[in-house]
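Every chain is numbered from 1 and lettered A, B, ... according to where its sequence line falls, protein lines coming before strand lines.
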Amino acid sequence: MNAKTGHQSGWAQLSASNVFIEFIDTTLRGCAQVMFQNNPLTGLFFFIAIFVGAYGEGNPAVAYGCVLGTVVATLTGLTMRDRKSWRSGLYGYNGCLVGAALPTFLVVTPVVWACIVLGSIVSVIVMVCIADILKTWKVAALTAPFVLTTWMILLASYAFSGLQSSGLPAPALPHQLMLETSAAAGGNIFVSMFNGVSQVFLFSSLIGGILFIIGLAVESLWAAVFALGGSLLALFTAIFLGANPSSIDVGLYAFSAVLTAIALGSTFNKPSWRVLAYTIVGVIFTVIVQGALNIFLAPVGIPTLTMPFVLASWLFLVPNKEVMPAHRQ
Amino acid sequence: MNAKTGHQSGWAQLSASNVFIEFIDTTLRGCAQVMFQNNPLTGLFFFIAIFVGAYGEGNPAVAYGCVLGTVVATLTGLTMRDRKSWRSGLYGYNGCLVGAALPTFLVVTPVVWACIVLGSIVSVIVMVCIADILKTWKVAALTAPFVLTTWMILLASYAFSGLQSSGLPAPALPHQLMLETSAAAGGNIFVSMFNGVSQVFLFSSLIGGILFIIGLAVESLWAAVFALGGSLLALFTAIFLGANPSSIDVGLYAFSAVLTAIALGSTFNKPSWRVLAYTIVGVIFTVIVQGALNIFLAPVGIPTLTMPFVLASWLFLVPNKEVMPAHRQ
Amino acid sequence: MNAKTGHQSGWAQLSASNVFIEFIDTTLRGCAQVMFQNNPLTGLFFFIAIFVGAYGEGNPAVAYGCVLGTVVATLTGLTMRDRKSWRSGLYGYNGCLVGAALPTFLVVTPVVWACIVLGSIVSVIVMVCIADILKTWKVAALTAPFVLTTWMILLASYAFSGLQSSGLPAPALPHQLMLETSAAAGGNIFVSMFNGVSQVFLFSSLIGGILFIIGLAVESLWAAVFALGGSLLALFTAIFLGANPSSIDVGLYAFSAVLTAIALGSTFNKPSWRVLAYTIVGVIFTVIVQGALNIFLAPVGIPTLTMPFVLASWLFLVPNKEVMPAHRQ
């Protein structure tokens, strides 16, 4: 603890005295803010997890896209007036996710790298726009800037021959899911739980998931606990509702719930029994929104990204002061 | 009149002295608020109409779902701070509609009953969320919480094998409606008008419609008049535009217009010639929005529910103070 | 210059003294406001351009629809309280576009003329509604009232046999665009650039485009410069991304960008290098949003209209004060 504080202080001193180190520190915080943490060490763990996951899935461009997106977005953020938000990494995290998402779903070409740069710049503008709109109701933009910017580029990929899909779901009309009895969820709950955490960055990896949890715990134990708890509860909800077993196994019904759990349980509320109950309802509803958005977007062939988390969390955060007695007095 | 007032007073005294009676009174008001009335007797007529209609269509689960949804939502509302809204039934009506909608469109299973409970709880949170957002422009949430919550569950039913459709429209691309001359609207205008009223609760029933109108008249004669007038005007608009005759007959082009007419004509404005003109434009436009939303949702296979009413009424209520001279001085 | 000022003054005097002339003046301003200009002479040039374009495409109903829509919307605007907005033509421009759009996409029948009248009336209500909502963030409604009103009627055309499509895109699931090498963009860049300008009113015409630019220059040289520059940049962006060459040629990737360029570059900001950079990013992003919305709306078979401009411009205008240092001091 002492050692860690000492390390942080040393790094903090360096950051304060050297503009280049300050920029690296802010970029690391940008990555950590994907899961709401304002801590460069958390960001370092996250970046390591991303490289582990990206190389593990044989698509290293995802990791380099992440770095590029975070750097470009952090640079763009320098042109904004609000230096405190910039220093906390709040302009970086959406670019980080844009950089992870585009190489995941599109064939990696120079046009895609150009789109990562453009998308990261635009994500900062969207961030300021949404934050400005939502401050009327004291709610954060969450990952909405990432989702909206990336949706635009992924939708546009169908219209432009310069952008070719490598992993987008084929556009199709929804049809009722019928489960064969043989197709029962066969995955390991423990592995699926960590897959759910790593799917926040669009890949499934046990080691990646563990590294994300360690990164969270560095800054906030409660965040780590709620992330794992949220993932587990989402798994059980998806199994109860009868979701596609292979989607459950790779964490596709859990990643939005992980973020909802961290947001409702530890970031925007102090843990309490009442908050726990509220978070449980929020996580279960996030799983339903995940299923609903999967279907809603099926005809246009794009993934939900973290929109189920954004919608469910906005929904539960706006009434916060009405629901939580003597909230944050 | 005297007798009625006496009856109300007796009941009001009972409600004030007994927590259990107060809860029943609030639950009845919750049902009445589906059509904007704050009156337990109206709610009683509505519940009777719902049972008549549900048994008439051979699907009693709709009526029991209604009761369950209203009770759960009213109970959930107890945890909110705003007691006045709770006492007026404003936390109950969305749960009432969630409970009516799910058994109408899904095969009734234990999972669906669980979804009614969850959906009714969530509808209260959505209610507080939307009301909080919209109070910036002094507009009510209307039935948007019901629609959004139910849309999520109905969309999700395609993704989860635990939820099976019994009456959802099959997902399909829209195609131009061509009317054969033989298929002219053959229904009885009188019956269709009352069907339009009862379709607010998702079934078509002459007796049900009449009971709803009586329930309205108990609290507000104007509301009853605008409900019937709105239904009639919507019928003629749909016939003029050439809508599907069987949809017209069962009231599917009228139910949203009924609510628009009550809202614009009697609830949020005092009746006047200017208000009448405004309401007529609003009702006609609601029919167009009804057709538009039917098409927009066709590819994802879910019904519009009362969203055409919500959209058209928000649209016409926000500019109210700009349009109505010396409004409510 | 002197002569023009003199002419304006004479006309201004006439407008001030004669209610009928004042109404014509306001109607002309309504047409000019489609491209943000508050000038009756600009409106006159625009109307001439519309007649040239409409007769050129063999569909004169578009031009008469434009006149009818602007007149009806301006008349409707008379019932609103805000006389200054009325006098600037701010209630007219959405009706003008509704009147252009409906005969472009629907078989011209008496029902369509009725829909132009209804749509123009409703466009004023939508205008007041959206303006009221957006003033919370000091952003204008732009052409959103036109788009939303027209989308409703075009969507509804699939549901009503009284409205038949003449030019709506057939509803279809998106599929990846594959370019054959032979299909390279073969159009004349110069012509395409002016086509892009005239497509703001939904037709492509070199002479029409030139007349629109002259009309803009009458009121604001910067607006004319940004309109042409925006069109050119959009063309190059669409070619770079590999859009459909024939769509590029007729200006379908440029018209929204033209409006974004005028709005960001000259209407809501004073030209500067910083504003120029911001506008360039905005125009490029508008092209991506254009591709994205084309795909998003494909399953329901309606055109984007100017929504890509509206979305991109809202996005870039809300953060304006955060991005522009000492903005409009």
Side-chain angles (χ1 to χ4, degrees), chain A residues 76-77 79-82 85 91 106-107 109-112 114-115 117-119 121-137 145 148-166 168-174 296-302, chain C residues 133-134 136-139 171-181 183 237-245 247 252-253 274 277-278 280-282 284-300 308 311-312 314-327:
Chain A
T76 308
T79 66
M80 301 290 152
R81 280 197 189 170
D82 183 347
S85 293
Y91 294 134
L106 299 177
V107 177
T109 61
V111 178
V112 166
C115 282
V117 172
L118 178 72
I121 294 172
V122 171
S123 79
V124 176
I125 296 166
V126 185
M127 174 70 188
V128 178
C129 175
I130 296 183
D132 197 46
I133 291 173
L134 293 180
K135 81 180 169 205
T136 314
W137 304 284
L148 296 178
T149 307
T150 307
W151 272 358
M152 288 298 162
I153 297 171
L154 294 181
L155 280 171
S157 78
Y158 289 98
F160 297 130
S161 60
L163 296 169
Q164 294 292 322
S165 159
S166 67
L168 290 173
L173 293 176
F296 185 74
L297 296 175
V300 289
I302 55 169
Chain C
I133 291 172
L134 292 181
T136 314
W137 304 284
K138 301 193 197 317
V139 172
L173 294 177
H175 52 271
Q176 197 79 47
L177 180 69
M178 295 293 183
L179 281 194
E180 300 98 67
T181 35
T237 307
I239 292 170
F240 173 77
L241 289 170
N244 186 313
S247 298
L252 288 174
Y253 277 100
R274 195 175 177 91
Y278 201 56
I280 286 173
V281 178
I284 293 173
F285 191 63
T286 301
V287 176
I288 287 178
V289 177
Q290 178 70 57
L293 266 189
N294 285 349
I295 298 303
F296 185 74
L297 296 175
V300 289
L311 292 180
W314 278 347
L315 196 58
F316 278 68
L317 286 173
V318 170
N320 227 357
K321 64 181 177 303
E322 188 78 21
V323 176
M324 298 302 157
H327 175 63

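- Heavy atoms of A:Leu118 lying under 4.5 Å from chain C belong exclusively to its side chain.
- A donor-acceptor pair under 3.5 Å is formed between the side chain of C:Gln176 and the backbone N or O of A:Leu163.
- Contact tally against chain C (heavy-atom pairs below 4.5 Å) for A:Ile130, A:Leu154, A:Ile133: the top residue is A:Ile133.
- Here the CG-CZ distance, from C:Asn294 to A:Phe160, works out to 7.5 Å after rounding to the nearest 0.5 Å.
- If you measure heavy-atom distances from A:Val122 to chain C, the contacts under 4.5 Å come from the side chain alone.
- With sequence neighbours excluded, the residues satisfying side-chain hydrogen bond (donor to acceptor under 3.5 Å, both in side chains) with C:Thr136 are B:Trp137.
- Comparing C:Phe240, C:Trp314, C:Tyr253 by how many heavy-atom pairs each has under 4.5 Å with chain A, the most go to C:Tyr253.
- Looking at C:Tyr278 and A:Ile125, their side chains come closer than 4.5 Å, going by heavy atoms from C-beta outward.
- Once rounded to the nearest 0.5 Å, the distance linking OG1 of A:Thr149 with CD1 of C:Ile288 reads 10.0 Å.
- Looking at C:Val287, both its backbone and its side chain come within 4.5 Å of chain A, counting heavy atoms on both sides.
- Interface remark: C:Pro299 contributes side-chain atoms only to the contact with chain A (heavy atom separation under 4.5 Å).
- Interatomic distance, CE of A:Met152 versus OG1 of C:Thr286, reported as 10.5 Å (0.5 Å rounding).
- Listed here is the closest heavy atom pair of A:Pro171 and C:Pro174: CG-O, 3.3 Å.
- C:Val323 has its side chain out of reach of A:Thr79: every pair of non-hydrogen atoms, C-beta onward, lies at least 4.5 Å apart.
- Comparing C:Leu293, C:Ile295, C:Val289 by heavy-atom pairs within less than 4.5 Å of chain A, the highest count is held by C:Ile295.
- Between C:Leu177 and A:Ala159 the shortest heavy-atom distance is CD2-O, 3.0 Å.
- Listed options A:Gly301, A:Ser165, A:Ala131 were ranked by heavy-atom pairs under 4.5 angstrom with chain C; first place goes to A:Ser165.
- Interface check for chain C: of the options A:Cys129, A:Gly162, A:Ala114, the most heavy-atom pairs under 4.5 Å are formed by A:Cys129.
- Counting heavy-atom pairs closer than 4.5 Å to chain A, the top residue among C:Ala238, C:Gly291, C:Gly282 is C:Gly291.
- A search for salt bridge (charged side-chain N to carboxylate O under 4.0 Å, His left out) contacts involving A:Lys135 returns A:Asp132, not counting sequence neighbours.
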